[in-house]
Amino acid sequence: MHPAPSLILFTVLSGLGFGLMVWLGFGALVPLGWVGFVFWALAYGLAGGGLLAATFHLGHPERAWRALSQWRTSWLSREGVLSIVTFAVMAPHAAGSVFLDRPLPVLGALGGGLALLTVFSTAMIYAQLRSVPRWHHWTTPAVFMLAALAGGGLLAGQVAAAGPLFALLAVALALHWHMGDRRFAAGPDTAESATGLGRIGKVRLLAPPHTGRNYLLREMVHVVGRKHAARLRLIALAAGAVVPAVLLVALPAGHLLGALAVLLHLAGMLAARWLFFAEAEHVVGLYYGRR
Amino acid sequence: MTALPPPSAKKLGLVIDLDTCVGCHACVVSCKEWNSQSPLGAPLADLDAYGAAPEGTFLNRVHSFEVTREAGPPVVVHFPKSCLHCEDAPCVTVCPTGASYKRAEDGIVLVNEDICIGCGLCAWACPYGAREMDGAERVMKKCTLCVDRIYNETLPEPDRVPACVKSCPAGARHFGDLGDEDSAVSRLVAEREGFALMPDQGTKPVNRYLPPRPRDALPEFDVLAPYLEPVTEGAGGFLGWLDRTLGKI
């Protein structure tokens, strides 16, 4: 699949922002006054910025509000609705903490739960697609939610909790890659089932329907840059999860160390999300003789 | 509303005969032509049409496959592919705006271009690559089963079929109600063992494909062979003498 920068930024940044909201909402950290302002601005800024980035992926961003209507069936719609509801429910808790020194823990906890659900629905936008076997797997929501919780915990300064969460994230990433590499081949879809010609023999594309590029190939048969996948996986795993975990567990906590861990995690997750898209093969590639 | 309607009794769709298709792409061109002048939606874009890398939006494309058999030479199969108007259409339920919908009355899957935000998720959800984002309009395009022809009473009766069916010079495309067991298309599917594409995706496509018929095999004996035996044995006269003499040298 085409690794669109807008979608990579969206999933990484809003995941991190909603992850921070989970920790702030459930009261693991109740920052008041100016400190509170910084934390809440970071959470709203990351989550909102990510959502804004996602609208750049749309052909008609001016109609984005229409995406809130089909929450009964569509995970993308649910994600939009949940993020707005989360923002709204969280707002009194955030404003109370920052301006009145009066946090509202009940609304906070409700908002925290909604923030976690928002991240889950983001992951389900991808995990629901049976046409992309690598995504259609439980490791997709696992990676998204652990990344949000670990990254958010790190931003919230929850060193003791974030360390083990990073370790879990590393395991989830490794599992997502390991199992994902086998999903397409293990699945039932082949060029023979795609064309129904398997009853005659082995199927091979002789002539594509067009000599040039098209939307389908650009969007769903993206094979550029996969040769660096193994190296990028190592970078993503190390920077995104392993090194932050080791830093948090082994070294004394501090703002400088925290900032370093955040930047490493962010870089690692951007690489991991690039791979998430670039390595995902769509079954339509079977009609084009490539994946 | 992107919830799927209950399965309709009427299931309009296409039956494509892979035995007959000659791969001429007439259906591709006529589809593009009809849907570029239809009031149903924006024209199908052509980008860089006269440049180095031309590309365009198509609702129907013809692939050509080579099928290697266990015995006999490989077979070439031309394979037109467009929207299969699935009963469990994943492209419809993922749509966040309600632009994508399946008609309750005849099962046709359509896009309301006026409320499509161009997110592309429906194209991702379709395993068949039946949807393409228009390069100019930035909204999703797909086969409408020529809904503006098949019910169009201003057209003469024989023209009330999808443009691709009308234009096929080989008669490889058939249009009809696959929900009706007695319809011509349903009988064709039953007779020729028509099949659905990628059944494991669980989409329950309405369109069916008819497999290529078995090829004729050459008979194993050859009636002419006895007449083609070498005839130089026992030649007489000058040629016989020459043959014998040369053989001795």
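Chain identifiers are assigned alphabetically (A, B, ...) following the order of the sequence lines, protein sequences preceding nucleic acid strands; residue numbering begins at 1 within each chain.
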Side chain, backbone, both or neither: which part of A:Leu68 has a non-hydrogen atom closer than 4.5 Å to chain B?
-> backbone

Determine the option with the most heavy-atom pairs under 4.5 angstrom with chain A, choosing from B:Ala53, B:Pro54, B:Cys116.
-> B:Cys116

Please look at A:Arg78 and chain B and tell me whether the side chain, the backbone, both or neither of the residue comes under 4.5 angstrom of a heavy atom of that chain.
-> neither

Tell me, side chain or backbone of A:Leu217 under 4.5 Å from chain B's heavy atoms, or both, or neither?
-> neither

Counting heavy-atom pairs under 4.5 Å to chain B, which of A:Pro61, A:Gly212, A:Ala67 comes out on top?
-> A:Ala67

Between chain A and each of B:Pro90, B:Ala123, B:Gly202, count heavy-atom pairs under 4.5 Å; write down the option with the most.
-> B:Ala123

Are any of the side-chain heavy atoms of B:Leu47 and A:Arg213 separated by less than 4.5 Å?
-> no

Walk me through it: do B:Thr97 and A:His60 pass the test side chain to side chain contact (heavy atoms under 4.5 Å, CB included)?
-> CA-CA 12 Å; B:Thr97 69; A:His60 283 272; over 6 Å; no

Keeping the roles fixed (side chain from A:Ser131, backbone from B:Pro127), state whether a donor-acceptor pair exists under 3.5 Å.
-> no

Gap between atom CH2 of A:Trp65 and atom CD1 of B:Ile117 - 0.5 Å precision = 11.0 Å

Relative to chain B, which segment of A:Ala194 carries a heavy atom at a distance below 4.5 Å: side chain, backbone, both, or neither?
-> both

Which of the residues B:Ala99, B:Pro214, B:Gly23, B:Cys119 is involved in the greatest number of heavy-atom pairs with chain A at under 4.5 angstrom?
-> B:Cys119

Chain A shares the most heavy-atom pairs under 4.5 Å, among B:Arg131, B:Glu132, B:Met140, with B:Glu132

Taking non-hydrogen atoms and a cut-off under 4.5 angstrom, which of residues 58-89 of chain B neighbour chain A?
-> B:Arg61, B:Val62, B:His63, B:Ser64, B:Phe65, B:Glu66, B:Val67, B:Thr68, B:Arg69, B:Val76, B:Val77, B:Phe79, B:Lys81

In sequence, state the C-alpha distance, the side-chain angles, and the governing distance for B:Asp114 and A:Arg66, and then conclude on side chain to side chain contact (heavy atoms under 4.5 Å, CB included).
-> CA-CA 11 Å; B:Asp114 293 334; A:Arg66 290 189 182 273; over 6 Å; no

Between A:Val283, A:Thr195, A:Ile200, the one whose heavy-atom pairs under 4.5 Å with chain B are most numerous | A:Thr195

Roughly how far, to the nearest 0.5 Å, is the OG atom of A:Ser193 from the CG atom of B:Leu197?
-> 8.5 Å

Spacing of A:His57 atom NE2 and B:Leu121 atom CG [to the nearest 0.5 Å] | 9.5 Å

Mind checking the CG-CE spacing from A:Leu216 to B:Met133? Nearest 0.5 Å is all I need.
-> 11.0 Å

Spatial distance of atom CG (A:Leu129) from atom SG (B:Cys126) [nearest 0.5 Å] = 11.0 Å

Among A:Glu219, A:His2, A:Gln128, find the one that has a side-chain hydrogen bond (donor to acceptor under 3.5 Å, both in side chains) with B:Trp124.
-> A:Glu219

Check: B:Asp200 main-chain N/O paired with A:Arg130 side-chain donor or acceptor under 3.5 Å | yes

Minimum-distance pair of heavy atoms, taken over all atoms of B:Pro96 and A:Ser77 = O-OG, 3.7 Å

Between A:Leu286 and B:Met198, which heavy-atom pair has the shortest distance, and what is it?
-> CD1-CE, 4.5 Å

Is it the side chain or the backbone of A:Tyr126 that comes within 4.5 Å of chain B heavy atoms, both, or neither?
-> side chain

Could you tell me which non-hydrogen atom of A:Leu197 sits nearest to which non-hydrogen atom of B:Pro212, and how far apart they are?
-> CD2-CD, 3.8 Å

For B:Cys95, is it the side chain, the backbone, both, or neither that has a heavy atom closer than 4.5 Å to a heavy atom of chain A?
-> backbone

